[in-house]
Amino acid sequence: MSLDRRRFLALLGTAAAAPREAEALEFTDAGRLVTDNRENGVRILSAQGEFVGARGAYYGPPVPFAQLPKHLINALVASEDRRFYDHWGLDPRAMARAVWSTLTGRTQGGSTLTQQTIKEIYLKEHSPIVRKLLEEPVLAPILELNLSKEDILFVYLNRVFFGGSAYGIEAAARVYFNKYALSLSVLESAMMVGLLPAPNRYNPHRNFELSRDRGFRVIEQMVEAGSLSRRAADRAKQQAVAIAPSRSAWGGVYPRGTQIGWFARWAEAEANGNSTPEGRQGTRTISTTLDMKIQAAAERHMQQALRRHAGAGQIEEGAVVVMRHDGAVVALVGGRDYRQKEWDHATQAGRQPGSVAKVFVYLAALQEGSTPDSMVSDAALELGGGLSGISTTGISATSPWPPRWRNPPTQPPSAWRCGTPGRSAP
């Protein structure tokens, strides 16, 4: 079943609130609901097809419902919607409690998991009052009529925001525990569910103790709901939890190391320059020429060079770009530490080329007949028949001047030098 979105919103008097263009509201295809109207983000692949980073929203591959741990489902239902299997999309009891809490100055949510799923897909940018009073009460029962409870849980867990740029349980499991979602333990699952009310506050990378304590609370809710025994709950609280090192920086996630952030940021900018604004919506995948072996070597040599020269040479930053003969960039390091500074010294610095320019100047001179023994003048040379404001540095063999050059400097040949006066040319 699908419902014309514009017509539906017009009936509710909220057509102006529609945040994105969409032809229809989908209710029957769970697979499409997982990917429809996703937050904007890009997935970066190396030349070998490896996933090396994500910028913006990071979505992992959808996990089929049959592969979701049962204790994860039980934790979600016990914590977020205990009457989920009994209601038809709306829970009058929970709604009444939420209204009473609001009237008495407290805060308590009354949305069911079905309502939260509808909100996550279509209504996040709508007015909360319109959404809760008009849209969710109409759409949630329609979704329940067309999808099974398992399908709704599948859609919800593969879309919801878990903090750390991670959307969906697979991305969250990789970001926080460096494992697949199907391998989450009871305590890890409880900690994941505990993130949902406040993903940033309960982020285990920021405060592990607070996140674990929140997980303990979810385990107690499972006991209260009858989905976990007291003995199993006590065992779960004793489970070891190893939080993976944070690989997040500047709005991105980089499982192979945050130093890849400069390359990912540059690749995204290049892709944006070759696409329309409409083509940048949702989740995109960018295949690149990045070679991870060369990238790792570039990062290693950059750090070694900085350690070697930072003190005596007073060098604080540097950059490395490795290119193939065809111009493809296979590695890029934009500075000392991407987590500390997003500024890219390879693509943004725009510094003067310095002595690198001498290579091109000397080559031009040799092509015009100069030799390694030739003297070169750095006096101003006017070109174009005396055009105002146009001058350059004169360059010449001792004698004679190449025929296409005009207005040579007036200094005698003995004074011609390269660079600083009195300094012989190489």
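Just the heavy atoms: all of them, side chains too, but no hydrogens, waters or symmetry mates, feed the values below.
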Please find the pair of heavy atoms, one from [X] and one from [Y], that lie closest to each other, and give the distance.
| X | Y | answer |
| --- | --- | --- |
| Gln116 | Ser111 | NE2-O, 3.5 Å |
| Ala233 | Ile219 | CB-CG2, 3.6 Å |
| Ser46 | Val52 | CB-CG1, 4.0 Å |
| Pro197 | Gly194 | CD-O, 3.3 Å |
| Ala319 | Ala346 | CB-N, 3.7 Å |
| Ile286 | Ala271 | CD1-CB, 3.5 Å |

List in chain and number order the residues that pass side-chain hydrogen bond (donor to acceptor under 3.5 Å, both in side chains) with Tyr59, two or more places apart in sequence or in another chain; answer none if no residue qualifies.
none
Under 30°, 30 to 60°, or over 60°: which ring-plane class applies to Tyr176 and His205, parallel, tilted or perpendicular?
tilted
Measure up the Trp262 and Tyr338 rings against each other and bin them: parallel (under 30°), tilted (30 to 60°), perpendicular (over 60°).
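The arrangement is perpendicular - the two ring planes meet at more than 60°.
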Give the intermediate values and the outcome of side-chain contact (heavy atoms from CB on, under 4.5 Å) for residues Gln281 and Asn40.
CA-CA 6 Å; Gln281 300 299 312; Asn40 296 338; 3.6 Å; yes
Extract all donor-acceptor atom pairs below 3.5 Å that involve side chains of residues 296-311 and protein atoms in other chains or at least two apart in sequence.
{"from": "Glu299", "atom 1": "OE2", "to": "Gln295", "atom 2": "NE2", "distance (Å)": "2.8"}
{"from": "Gln303", "atom 1": "NE2", "to": "Arg336", "atom 2": "O", "distance (Å)": "2.9"}

Return a table of donor-acceptor pairs under 3.5 angstrom between the side chains of residues 61-78 and protein atoms on other chains or two or more places apart.
{"from": "His71", "atom 1": "NE2", "to": "Leu184", "atom 2": "O", "distance (Å)": "2.8"}
{"from": "Asn74", "atom 1": "ND2", "to": "Lys70", "atom 2": "O", "distance (Å)": "3.4"}

Apply the test side-chain contact (heavy atoms from CB on, under 4.5 Å) to residues Val175 and Arg247: give CA-CA distance (whole Å), side-chain angles for both, the deciding distance (0.1 Å), then the verdict.
CA-CA 7 Å; Val175 166; Arg247 299 297 186 186; over 6 Å; no
Taking the six-membered ring for Trp, are the ring centroids of Phe51 and Tyr58 within less than 6.0 Å of each other?
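Ring centroids of Phe51 and Tyr58 are less than 6.0 Å from each other.
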Is a donor from one side chain sitting under 3.5 angstrom from an acceptor on the other, for Tyr254 and Arg339?
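Absent: no donor and acceptor within the cut-off.
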For residues Arg212 and Asn207, is any side-chain donor paired with an opposing acceptor at under 3.5 Å?
no
side-chain hydrogen bond (donor to acceptor under 3.5 Å, both in side chains) with His126: of Arg131, Lys119, Glu135, only one passes, and it is Glu135
[atom1]/[X]: more than 12 non-hydrogen atoms of other groups inside 6.0 Å:
| X | atom1 | value |
| --- | --- | --- |
| Arg280 | CZ | yes |
| Tyr85 | OH | yes |
| Lys293 | NZ | no |

Worked check of salt bridge (Lys or Arg N to Asp or Glu O under 4.0 Å) between Asp234 and Arg230
CA-CA 6 Å; Asp234 293 339; Arg230 169 50 58 191; 3.3 Å; yes
Qualifying residue for side-chain contact (heavy atoms from CB on, under 4.5 Å) with Leu33, from Ile152, Asn158, Asp151, Leu147
Leu147
Report the distance from atom CD1 of Ile44 to atom CH2 of Trp266, rounding to the nearest 0.5 Å.
10.5 Å
CA sep, side-chain torsions, deciding dist, call: Arg284, Glu278, salt bridge (Lys or Arg N to Asp or Glu O under 4.0 Å)
CA-CA 12 Å; Arg284 295 175 291 155; Glu278 294 76 17; over 6 Å; no
